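In the text below, chain A, chain B and the rest are named by the order of the sequence lines, each starting its count at 1. Any value given below was found using the heavy atoms of this structure, including those in side chains, with hydrogens, waters and symmetry copies removed. For clarity, every value in this text was computed on a predicted model and none was experimentally measured.
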Amino acid sequence: MKKLLYNMQKYSTINVENSINSGQVFLWKKNENYWYGVNGQDVLRVDEKGIIDSFHNSRTDFFRKKDNTESIIKSISKDKTVKNAVKKYPGLRILRQDPFQCLISFIVSSNSNIQKIKTSLENLSKKFGTKVEYENQEFFLFPKPEKLAKASINEIKSCGVGYRDKFIKEAARMILLEKIDLELLKKCKYEECKQSICTIPGVGNKVADCVMLFSLEKLEAFPLDRWMIRILEKYYFDKFQLDTKTVTEKQYDTLHEKIVNHFGPFAGYSQQFLFKMERENYQKKWL
DNA sequence: CCAAGGCCTGAATG
DNA sequence: ACATTCAGGCCTT
C-alpha cells in the first residue's frame, strides 16, 4: 500500500527540467526559478512543479497532465530496459506542442544538432515572429505560416537553416493553403496522419513521427533517429533484428509495427524515456 | 524496392 | 592553425 502510494505520487509528478531537456523543444530557457518557452503564438512560464502561466493566459495542457501516467507507464513497462529508464527519469513527459512550430522545428532538425536547431529557430522567430514583452523579458513568438510562406528563400536561408530553406517555405505554404490541416490531423488515425504530413517536403518518417508524437496526439509514434536505432541495436537486438545499416522506408514501417506490438499504444512514451536515458549516459548536451 | 551520394552549417575532432 | 568529420534525415538518381 505504501509502495503503491509512493509510485502514484512519483509518476504523477512532473519533472519539468527533464521534460524540457529531452529533445522535444528548443525555444526554452531558464531564468531564476522559471522556465520560459515560446509555444506558437504564446509564451509559457513554468514553475518547477509544472504550473503554467502564459502571455495570453491560455490554458494549454502542455505537460499532458491529463494523461493517466500510471497506466501509461504500466503499459509500456514491457522489459527491463524501459523499466530502468522509467525509474531513472520519473516525471518525464511528452509535451503537447503547437503543431506548426513543431513541424518547422523538426524539419529544421534533420541532419543537425540541438544547439544549431535552437539558434536557427531563434533566428526565424526574430526575423518573422512578433516581438512581445512578458514579465520584463523580450520574446519573439513563433512565425505564423503566412509569414514564412510569403518570405523569400534567401530571407529564410539567412536564418542559418541551410538547404532546408525551401522545405520551410513550402511547408508553411501548404499549411496556409490548407492542403494540410494540422488540427484536423489530430483527430485522424496514425497511418492517415503520417501519410498526409509525409507529403510535406523535408518530412520523412522520423520527422513525421516527431511531429505526430509531440503535437498531433499520436502517442504510438516512435521516432527512429540514429540514437533510437543504436538503442534498439544495443538493448533490443534479440527482439527487433536490424540487419541493415540504413533504415529504408519499408524497414522503418515494419520496425514500427514490431515496436508497437512490443510497447503498445503508448510506445511514444517509451521512446522518450529510452532516448533521455541513453543521451544522458553519453552526457550529451541539451538546451 | 534498395543503395549511394549530396546537401547547409558550425562545433568537435585529428 | 587547418582539414575533415559529424550531427535527432531527406531527396534524387
Side-chain angles (χ1 to χ4, degrees), chain A residues 18-28 85 92 94-95 97 101-124 127 151-171 174 180 194-216 218 221-234 242-257 259 267-287:
Chain A
N18 281 344
S19 300
I20 289 174
N21 283 319
S22 67
Q24 302 183 62
V25 291
F26 306 97
L27 294 175
W28 284 75
L92 174 62
I94 299 291
L95 304 177
Q97 301 181 40
Q101 178 174 341
C102 189
L103 170 65
I104 301 299
S105 298
F106 284 96
I107 288 176
V108 168
S109 81
S110 84
N111 204 18
S112 187
N113 56 63
I114 290 181
Q115 279 69 32
K116 197 152 80 65
I117 298 162
K118 179 174 180 167
T119 56
S120 294
L121 293 174
E122 282 171 352
N123 292 340
L124 282 173
K127 198 170 181 71
S152 75
I153 296 290
N154 278 335
E155 282 178 305
I156 296 175
K157 198 189 186 79
S158 75
C159 296
V161 298
Y163 60 86
R164 306 162 193 84
D165 51 7
K166 48 191 176 301
F167 299 161
I168 294 168
K169 183 178 165 87
E170 184 56 21
M174 290 174 77
I180 304 274
K194 183 163 194 175
Q195 201 173 15
S196 175
I197 59 177
C198 279
T199 62
I200 302 170
V203 178
N205 282 307
K206 190 269 175 182
V207 171
D209 272 332
C210 285
V211 176
M212 288 193 290
L213 178 59
F214 303 143
S215 74
L216 297 179
K218 303 293 177 283
F222 193 102
L224 287 166
D225 62 357
R226 286 168 140 92
W227 281 90
M228 289 311 300
I229 295 291
R230 256 182 265 170
I231 289 166
L232 295 183
E233 285 170 340
K234 183 168 167 185
L242 317 174
D243 20 59
T244 49
K245 296 266 185 238
T246 55
V247 180
T248 66
E249 183 127 1
K250 182 159 180 102
Q251 286 166 331
Y252 195 105
D253 281 346
T254 56
L255 193 48
H256 179 256
E257 209 175 307
I259 283 166
Y269 266 94
S270 62
Q271 181 271 351
Q272 209 56 34
F273 283 108
L274 293 169
F275 184 73
K276 175 70 176 169
M277 177 179 72
E278 197 67 352
R279 301 240 336 169
E280 291 289 349
N281 285 346
Y282 282 83
Q283 304 187 346
K284 300 297 284 185
K285 289 203 170 125
W286 303 103
L287 298 176

Practice prompt. With the side chain counted from C-beta on, respond yes when A:Val203 and A:Leu103 share a heavy-atom pair under 4.5 Å apart, and no when they do not.
Written response: yes
Worksheet item: Does some side-chain heavy atom of A:Ile259 sit less than 4.5 Å from a side-chain heavy atom of A:Leu232?
Response: yes
Worksheet item: What does A:Ser105 touch in the nucleic acid at a heavy-atom separation under 4.0 angstrom: a base, only the sugar-phosphate, or nothing?
Response: nothing
Worksheet item: Between A:Tyr282 and A:Trp227, what is the ring plane arrangement, given parallel below 30°, perpendicular above 60°, and tilted in between?
Response: perpendicular
Item to complete: Grab the two heavy atoms, one from A:Gly202 and one from A:Phe167, that are nearest each other, plus how far apart they are.
Response: CA-CD1, 3.5 Å
Discussion item. Can you check the distance between C:dC2 and B:dC8, where both ends of the measurement are the P atom (answer in whole Å)?
Written reply: 26 Å
Worksheet item: Rounding to a whole Å, what distance do you find between A:Ile156:CD1 and B:dC8:P?
Response: 15 Å
Response to the item:
Here the residues of residues 202-213 of chain A within 4.0 Å heavy-atom distance, strictly under, of DNA chain B are none
Fill in: Rounded distance in Å - NZ (A:Lys194) to C1' (C:dG9)
13 Å
Worksheet item: Looking at side-chain heavy atoms only, is the closest gap between A:Pro201 and A:Met174 below 4.5 Å?
Response: yes
Item to complete: Starting from P on C:dA7, measure out to CZ on A:Phe26 and report it in whole angstrom.
Response: 16 Å
Practice prompt. Kindly point out which of C:dG9, C:dA7, B:dC2 is positioned nearest to the side chain of A:Thr248?
Written response: B:dC2
Worksheet entry | P spacing across the pair C:dT5 / B:dG5, given as an integer number of angstrom | 14 Å
Item to complete: Let me know, please, whether A:Phe167 or A:Trp227 comes out on the 5' side of the other along DNA chain C by nearest nucleotide.
Response: A:Trp227
Worksheet item: How long is the line joining CG of A:Asn111 and P of C:dA7, in whole Å?
Response: 10 Å
Discussion item. So if I take every side-chain heavy atom of A:Lys166 and compare against B:dC8, B:dC2, C:dG9, which nucleotide ends up nearest?
Written reply: B:dC8
Atom pairs and distances, donor-acceptor, side-chain atoms in residues 21-28 of chain A, under 3.5 Å, two or more places apart:
{"from": "A:Asn21", "atom 1": "OD1", "to": "A:Leu287", "atom 2": "N", "distance (Å)": "3.3"}
{"from": "A:Ser22", "atom 1": "OG", "to": "A:Ser19", "atom 2": "O", "distance (Å)": "2.8"}
{"from": "A:Ser22", "atom 1": "OG", "to": "A:Gln24", "atom 2": "NE2", "distance (Å)": "3.0"}
{"from": "A:Ser22", "atom 1": "OG", "to": "A:Gln272", "atom 2": "NE2", "distance (Å)": "3.2"}
{"from": "A:Gln24", "atom 1": "OE1", "to": "A:Leu95", "atom 2": "N", "distance (Å)": "2.8"}
{"from": "A:Gln24", "atom 1": "NE2", "to": "A:Arg93", "atom 2": "O", "distance (Å)": "2.8"}

Worksheet entry | Integer-rounded Å distance: C:dG9 P and A:Ile200 CD1 | 19 Å
Worksheet item: Rounding to a whole Å, what distance do you find between A:Ile117:CD1 and B:dG10:C1'?
Response: 13 Å
Worksheet item: Looking only at atom types and distance, does a side-chain atom of A:Ser112 sit under 3.5 Å from a main-chain N or O of A:Ser109, one as donor and one as acceptor?
Response: no
Practice prompt. In whole angstrom, give the distance that lies between atom CG of A:Leu255 and atom P of B:dC2.
Written response: 13 Å
Worksheet item: Looking only at heavy atoms, what is the nearest atom pair of A:Ile168 and A:Val108, with distance?
Response: CD1-CG2, 3.8 Å
Worksheet item: In dot-bracket form, how is DNA chain B paired, counting a Watson-Crick or G-U wobble pair only if both its distances are under 3.5 Å and using | for bases paired to another strand?
Response: ..|||||.||||||
Worksheet item: What nucleic acid atoms does A:Gln24 come within less than 4.0 Å of, heavy atoms only: base, sugar-phosphate, or nothing?
Response: base
Discussion item. For A:Arg164 and A:Glu249, find the nucleotide of DNA chain B closest to each by heavy atoms; which residue's nucleotide sits nearer the 5' end?
Written reply: A:Glu249
Practice prompt. Please report, rounded to the nearest Å, how far the P atom of B:dT9 is from the CG atom of A:Asn123.
Written response: 12 Å
Worksheet item: Donor-acceptor pair under 3.5 Å: do we get one between A:Tyr163's side chain and the base of C:dG9?
Response: yes
Practice prompt. Go through the structure and list residues passing side-chain contact (heavy atoms from CB on, under 4.5 Å) with A:Glu280, not counting sequence neighbours.
Written response: A:Tyr89, A:Lys276, A:Trp286
Worksheet item: Per the side-chain contact (heavy atoms from CB on, under 4.5 Å) rule, which among A:Leu255, A:Thr248, A:Asp253 passes with A:Gln251?
Response: A:Thr248
Worksheet entry | Selection from C:dG9, B:dT9, C:dA7 that lies nearest to any side-chain heavy atom of A:Asp225 | C:dG9
Worksheet item: So, are A:Lys218 and A:Asp209 salt-bridged, with charged N and O less than 4.0 Å apart?
Response: no
Discussion item. Under 4.0 Å, counting only non-hydrogen atoms across every strand here, what does A:Ile114 touch: a base, just sugar-phosphate, or nothing?
Written reply: base
Discussion item. Give me the atom names and distance for the closest heavy-atom approach of A:Ser158 to A:Lys127.
Written reply: OG-CE, 3.6 Å
Worksheet item: Which residues within residues 280-287 of chain A lie with some heavy atom under 4.0 Å of an atom in DNA chain B?
Response: none
Item to complete: Report which part of the nucleic acid A:Pro201 touches: base, sugar-phosphate, or nothing (heavy-atom distance under 4.0 Å, all strands).
Response: sugar-phosphate
Practice prompt. State which residues pass side-chain contact (heavy atoms from CB on, under 4.5 Å) with A:Asn111; sequence neighbours excluded, sorted by chain then number.
Written response: A:Tyr163, A:Arg164
